[in-house]
Amino acid sequence: MKVAVTGATGMIGRSLVRELLRQGHDVRAVTRGEAPPGTSGVRWEGAATRGIEWAAPLRGVDAVVHLAGSSLAAGRWTPDRKREILESRDRATRVLIAGLMAQGVRPGVFLSMSAVGYYGMDPERTFTEVDPAGSDFLAQVCVAWEDAAAGARELGARVALLRAGVVLSSAGGMLGRLKAPFLLGLGGPVGSGSQWLSWIGGEDAVGLILHALTDDRAEGPINLTAPAPVRNREFAQALGKALHRPAGLPLPAAAVRLMFGEMGETVLLSGQRVYPKRALALGYAFRQPEIGAALAAVAGRG
């Protein structure tokens, strides 16, 4: 297949591109910077892209995997930062689809990343793909993001919306931020530790994207999460065990709110229990269904 990938240099994108190349696919990396080795680079500027000429190299692609988006956890959610987060998803997706449309690009499938933030935060409820959207900032972003991605149906594409939980990868993300303090013996649960964490191993994140790429039944929302979400304290214990370090120093909720404001309240102190009902119905077999094995694989010290 000829596959275009936005966000090809991001944490998930790099792993996905490597696997696509390993399987013999022709990968067009749609990126601001240098394209990964083995791919054909297509230059674009996300939400700031102007014109339609940039999309000409995408003629003839069979599939588009849209992963690009500004980091949610890069700092406080100031009004400017919120605007950047939204535009990097909503406007950038519309720019991408408009470019494809103008250049006559007609992929058979369009996979767009979204997030479990779609459902809003709830301390006890279990969410599946049939549940409605929440009302907080992240939910609003995800609704706009998915609405923009739905425009790819006008290209004649099958559209799947991949609602990702926390992706566990040795290449970065949340695990990359937590590993150093845990190795220093300073790790532990965040706040009360009772909030739910819906996670997925990096290998399964890529595996499920590839499954959705080739399974014609994969359409609409699909939760990109493992079937066994955990509470934050359980995650901390599993990470400590994987790193052979204690995990008994909690980060107080007050400190999180002071340091990170609304971002900390939403991303770190709140939580959701999300179940991958659609992925299991599609027959995807998780390689790392349990948190202990997943963390041992990506964070362990041998």
What distance do [X] atom [atom1] and [Y] atom [atom2] have between them, rounded to the nearest 0.5 Å?
X: Leu208; Y: Arg278; atom1: CG; atom2: CZ; answer: 11.0 Å
X: Lys277; Y: Asp131; atom1: NZ; atom2: CG; answer: 9.5 Å
X: Leu243; Y: Phe182; atom1: CG; atom2: CZ; answer: 8.0 Å
X: Leu168; Y: Leu197; atom1: CG; atom2: CG; answer: 7.5 Å
X: Leu183; Y: Leu178; atom1: CG; atom2: CG; answer: 11.0 Å
X: Leu20; Y: Arg22; atom1: CG; atom2: CZ; answer: 10.0 Å

- Task: Please collect all salt bridge (Lys or Arg N to Asp or Glu O under 4.0 Å) contacts where either partner lies in residues 3-17, sequence neighbours excluded, each pair once.
- Result: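 The answer is none; no pair qualifies.
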Review item, side-chain donor-acceptor pairs of residues 67-74, under 3.5 Å, at least two apart:
unit_1	atom_1	unit_2	atom_2	d
Ser70	OG	Arg81	NH1	2.9
Ser70	OG	Arg81	NH2	3.2
Ser70	OG	Glu84	OE2	3.4
Ser71	OG	Ala73	N	3.3

Is any side-chain heavy atom of [X] closer than 4.5 Å to a side-chain heavy atom of [Y]?
X: Leu210; Y: Thr214; result: no
X: Leu268; Y: Leu251; result: no
X: Val105; Y: Leu155; result: no
X: Met121; Y: Gln272; result: yes
X: Arg273; Y: Arg125; result: no
X: Ile209; Y: Glu19; result: no
X: Ser170; Y: Leu175; result: no
X: Val274; Y: Arg163; result: no

Are [Y] and [X] connected in a single hydrophobic cluster, I mean Ile/Leu/Val/Met/Phe/Trp/Tyr linked by side-chain heavy atoms less than 4.5 Å apart?
X: Ile97; Y: Ile52; value: no
X: Val61; Y: Val30; value: yes
X: Ile222; Y: Val5; value: yes
X: Trp199; Y: Val206; value: no
X: Leu138; Y: Leu161; value: no

- Between Val3 and Asp62, does a side-chain contact (heavy atoms from CB on, under 4.5 Å) hold up when you go through it step by step? CA-CA 6 Å; Val3 184; Asp62 302 300; 5.9 Å; no
- Task: Could you walk me through whether Gln195 and Ser270 pass the side-chain contact (heavy atoms from CB on, under 4.5 Å) test, one step at a time?
- Result: CA-CA 6 Å; Gln195 65 273 35; Ser270 302; 6.0 Å; no
Shortest non-hydrogen separation from [X] to [Y] and the atoms involved:
X: Phe110; Y: Ala152; answer: CG-CB, 3.5 Å
X: Ile200; Y: Leu224; answer: CG2-O, 3.5 Å
X: Arg91; Y: Ala47; answer: NE-O, 2.9 Å
X: Pro123; Y: Arg231; answer: O-NH1, 4.3 Å
X: Leu282; Y: His211; answer: O-NE2, 3.2 Å
X: Gly120; Y: Ala139; answer: N-CB, 4.3 Å

Can you list, pair by pair, the side-chain donor-acceptor contacts under 3.5 Å of residues 284-300, counting residues two or more places apart and other chains?
unit_1	atom_1	unit_2	atom_2	d
Tyr284	OH	Asp204	OD1	2.6

- Message: Show every side-chain hydrogen bond (donor to acceptor under 3.5 Å, both in side chains) that has at least one partner inside residues 101-118, sequence neighbours left out.
- Response: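 Listed by first then second residue: Arg59-Gln103, Ser114-Glu146.
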- Message: Please list all pairs meeting side-chain hydrogen bond (donor to acceptor under 3.5 Å, both in side chains) that have one or both residues in residues 93-102, counting only residues at least two apart or in different chains.
- Response: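 As it turns out, the side-chain hydrogen bond (donor to acceptor under 3.5 Å, both in side chains) pairs with a partner in residues 93-102, which skip direct neighbours, are His66-Thr93, Asp90-Arg94, Arg94-Asp147.
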- Counterpart residues, side-chain contact (heavy atoms from CB on, under 4.5 Å), relative to Glu45 (two or more places apart):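 Arg32, Arg43, Ala48, Thr49.
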- Message: My understanding is that only residues two or more places apart in sequence, or in another chain, count here; which of them pass ring pair (Phe, Tyr, Trp, His ring centres under 6.0 Å) with Phe137?
- Response: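 Per chain and number, Phe137 pairs via ring pair (Phe, Tyr, Trp, His ring centres under 6.0 Å) with Trp77.
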- Item | By ring pair (Phe, Tyr, Trp, His ring centres under 6.0 Å) - contacts of Phe127 (at least two apart) |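 Counting only residues at least two positions away or on another chain, Phe127 forms a ring pair (Phe, Tyr, Trp, His ring centres under 6.0 Å) with Tyr119.
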Listed pairs under 3.5 Å, donor-acceptor, residues 256-267 side chains, sequence neighbours left out:
unit_1	atom_1	unit_2	atom_2	d
Arg257	NE	Glu265	OE1	2.5
Glu262	OE1	Lys82	NZ	2.8
Glu262	OE2	Lys82	NZ	3.3
Thr266	OG1	Glu262	O	3.1

Output yes when a side-chain donor or acceptor of [X] lies under 3.5 Å from a complementary backbone atom of [Y], and no otherwise.
X: Arg89; Y: Met113; answer: no
X: Thr31; Y: Gly33; answer: yes
X: Arg28; Y: Pro57; answer: yes

- Task: Sort and list the pairs that fulfil ring-ring contact (aromatic ring centres under 6.0 Å, His included) and have at least one residue in residues 23-50, not counting sequence neighbours.
- Result: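 Passing the test, one end in residues 23-50: Trp44-Trp54.
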- Message: As a quick check of understanding, evaluate side-chain contact (heavy atoms from CB on, under 4.5 Å) for Leu213 and Leu111, giving each step before the final call.
- Response: CA-CA 7 Å; Leu213 196 64; Leu111 306 184; 3.8 Å; yes
- Item | Under 4.5 Å side-chain linkage, directly or through intermediates, the cluster mates of Leu184 |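 Members besides Leu184, by chain and number: Leu186, Leu249.
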- Query: In the hydrophobic cluster built from side-chain contacts under 4.5 Å, what are the other members alongside Trp196?
  - Reply: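 Trp196 shares its hydrophobic cluster with no other residue.
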- Message: With a 6.0 Å cut-off (strictly less than), is the heavy-atom count around CD of Glu34, excluding the residue itself, greater than 12?
- Response: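 At most 12 heavy atoms, drawn from other residues, nucleotides or ligands, come within 6.0 Å of this atom.
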